[in-house]
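One structure below.
For the numbers below, each heavy atom of this structure counts, side chains included, while hydrogens, waters and symmetry mates do not. This one's a predicted model, so the numbers in the text were calculated from it and none came from an experiment.
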Amino acid sequence: MSKIAIAYYSRHHGNTKKLLDAIKESDPSVVLIDVTEKHEVDLTKFDIIGFASGIYFGKFSENVVTFARINLPPQKKVFCISTAGNPTSRDFDEIKSVIDEKFCNSLGSFQCPGFDTFGPFKLIGGIKKGHPTDDEVQDGVDFYRRNVKNR
């Protein structure tokens, strides 16, 4: 069985953490690392490493990107998870460039909508209220089981 860690940043509404809590519930062996609490972690003991974040102005939290630059060992299996008020595939560009620089093998990415009141969205009461839904959370767990857990 693979040892799996997920380094994450989830603030504001806890959208990303909601997905990770459901993944942890489905696989209690997964290790969650809050990058605001731990800045340097020896990830060499893990077979698979995930990076998860809400999306801020079209990209992963700088906390997660910096954590990956410092801590991601080369040639690991890696996956990404995000929540966003306006999800697009470009949201992963910066974190994927770090993964590529480390010659890691991508197991895929999962993204779903998340309630967003960041920046100007606060003025209108936010967007994507009620997200992630229970179905979207289950889709995230299914992604994890299908693409990550048994690799």
Side-chain angles (χ1 to χ4, degrees), residues 1-119 121 128 131-132 135-151:
M1 179 173 283
S2 297
K3 289 186 72 174
I4 301 167
I6 304 173
Y8 73 93
Y9 179 89
S10 181
R11 294 292 177 268
H12 303 291
H13 303 289
N15 299 322
T16 303
K17 185 69 164 61
K18 185 176 179 180
L19 288 174
L20 300 181
D21 288 343
I23 288 169
K24 176 88 174 159
E25 186 175 321
S26 79
D27 180 6
S29 69
V30 72
V31 175
L32 299 180
I33 302 166
D34 183 339
V35 301
T36 64
E37 295 175 5
K38 296 183 180 179
H39 304 287
E40 292 188 27
V41 176
D42 179 7
L43 296 176
T44 59
K45 61 187 173 186
F46 295 98
D47 304 306
I48 301 173
I49 301 160
F51 295 104
S53 174
I55 299 301
Y56 304 92
F57 295 108
K59 56 187 179 178
F60 260 61
S61 162
E62 191 57 40
N63 297 52
V64 173
V65 174
T66 299
F67 181 92
R69 281 197 177 102
I70 293 169
N71 296 290
L72 179 61
Q75 301 180 337
K76 288 288 185 176
K77 294 177 183 174
V78 179
F79 66 99
C80 297
I81 293 173
S82 75
T83 57
N86 184 28
T88 71
S89 61
R90 293 185 316 270
D91 296 339
F92 294 99
D93 288 352
E94 189 173 16
I95 191 71
K96 284 185 176 180
S97 73
V98 173
I99 292 166
D100 290 345
E101 289 167 12
K102 303 279 187 158
F103 303 102
C104 292
N105 178 24
S106 176
L107 300 178
S109 299
F110 175 81
Q111 184 175 51
C112 73
F115 179 49
D116 187 353
T117 59
F118 197 73
F121 297 129
K128 303 294 191 225
H131 291 273
D135 288 343
E136 291 161 345
V137 169
Q138 185 59 51
D139 289 345
V141 171
D142 292 344
F143 162 83
Y144 174 81
R145 287 182 183 148
R146 185 177 54 253
N147 292 54
V148 178
K149 187 173 180 177
N150 298 317
R151 302 297 290 275

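Listed by chain and number, the residues in a side chain to side chain donor-acceptor pair (under 3.5 Å) with Tyr144 are Asp27 (sequence neighbours excluded). With sequence neighbours excluded, the residues forming a side chain to side chain donor-acceptor pair (under 3.5 Å) with Asn63 are Ser61, listed by chain and number. Residues forming a side-chain contact (heavy atoms from CB on, under 4.5 Å) with Asp100 (at least two apart in sequence, or on another chain): none. Remark: Ser106 pairs with no residue by the side chain to side chain donor-acceptor pair (under 3.5 Å) rule, at least two apart or across chains. Taking the side-chain contact (heavy atoms from CB on, under 4.5 Å) definition, one finds that Lys59 meets it with Glu94, sequence neighbours left out. In this structure Asp21 satisfies the salt bridge (Lys or Arg N to Asp or Glu O under 4.0 Å) test together with Lys17, sequence neighbours excluded. Listed by chain and residue number, Ser97 satisfy the side-chain contact (heavy atoms from CB on, under 4.5 Å) test with Glu101 (two or more places apart in sequence, or in another chain). With sequence neighbours excluded, the residues that form a side-chain contact (heavy atoms from CB on, under 4.5 Å) with Asp93 are Arg90. Remark: Ser53 pairs with no residue by the side chain to side chain donor-acceptor pair (under 3.5 Å) rule, at least two apart or across chains. Checked against ring pair (Phe, Tyr, Trp, His ring centres under 6.0 Å), Phe143 has the following partners two or more places apart in sequence or in another chain: Phe110. Partners of Phe60 by ring pair (Phe, Tyr, Trp, His ring centres under 6.0 Å), not counting sequence neighbours, listed by chain and number: Phe92.
Counting only heavy atoms from C-beta outward, the side chains of Phe67 and Leu43 approach each other to under 4.5 Å. Taking the side chain as every heavy atom from C-beta outward, Asn105 and Val78 never approach each other to under 4.5 Å. By the 4.5 Å heavy-atom criterion applied to side chains, Phe79 and Ile6 are counted as neighbours. In this structure the side chain of Arg145 reaches within 4.5 angstrom of the side chain of Ser26, judged on heavy atoms. At a threshold of 4.5 Å between non-hydrogen side-chain atoms, the residues Asp47 and Lys77 do not count as touching.
Rounded to the nearest 0.5 angstrom, Lys3 NZ and Thr44 OG1 are separated by 9.5 Å. Rounding to the nearest 0.5 Å places CD1 of Ile55 at 7.0 Å from OG1 of Thr83. Rounded to the nearest 0.5 angstrom, Tyr8 OH and Ile81 CD1 are separated by 12.5 Å. Between Cys80 atom SG and Ile95 atom CD1 the span is 5.5 Å, to the nearest 0.5 Å. The distance from the CG atom of Leu20 to the CD atom of Glu25 is 13.0 Å, given to the nearest 0.5 Å. Rounding to the nearest 0.5 Å places NZ of Lys45 at 6.0 Å from CG of Asp42.
Counting only residues at least two apart or in different chains, salt bridge (Lys or Arg N to Asp or Glu O under 4.0 Å) contacts with residues 28-41 comprise Arg11-Asp34.
Between Thr16 and Ala52, the shortest heavy-atom distance links the atoms CG2-CB, 3.7 Å. The heavy-atom pair separating Leu107 from Asn147 by the smallest distance is O-ND2, 3.2 Å. The two residues Cys112 and Leu19 come nearest to each other via the heavy atoms SG-CD1, 4.0 Å. Residues Phe46 and Ile4 come closest through the heavy atom pair CD2-C, 3.7 Å. Between Ile23 and Val141, the shortest heavy-atom distance links the atoms N-CG2, 3.9 Å. Across every non-hydrogen atom of Pro132 and Lys18, the tightest pair is O-NZ, 3.0 Å.
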Next item on the list: Quick one: do Ile70 and His39 satisfy side chain to side chain contact (heavy atoms under 4.5 Å, CB included)? Show the steps, please.
Entry: CA-CA 9 Å; Ile70 293 169; His39 304 287; over 6 Å; no

Next item on the list: Evaluate side chain to side chain contact (heavy atoms under 4.5 Å, CB included) for Tyr9 paired with Phe51, printing each intermediate quantity in order.
Entry: CA-CA 9 Å; Tyr9 179 89; Phe51 295 104; over 6 Å; no

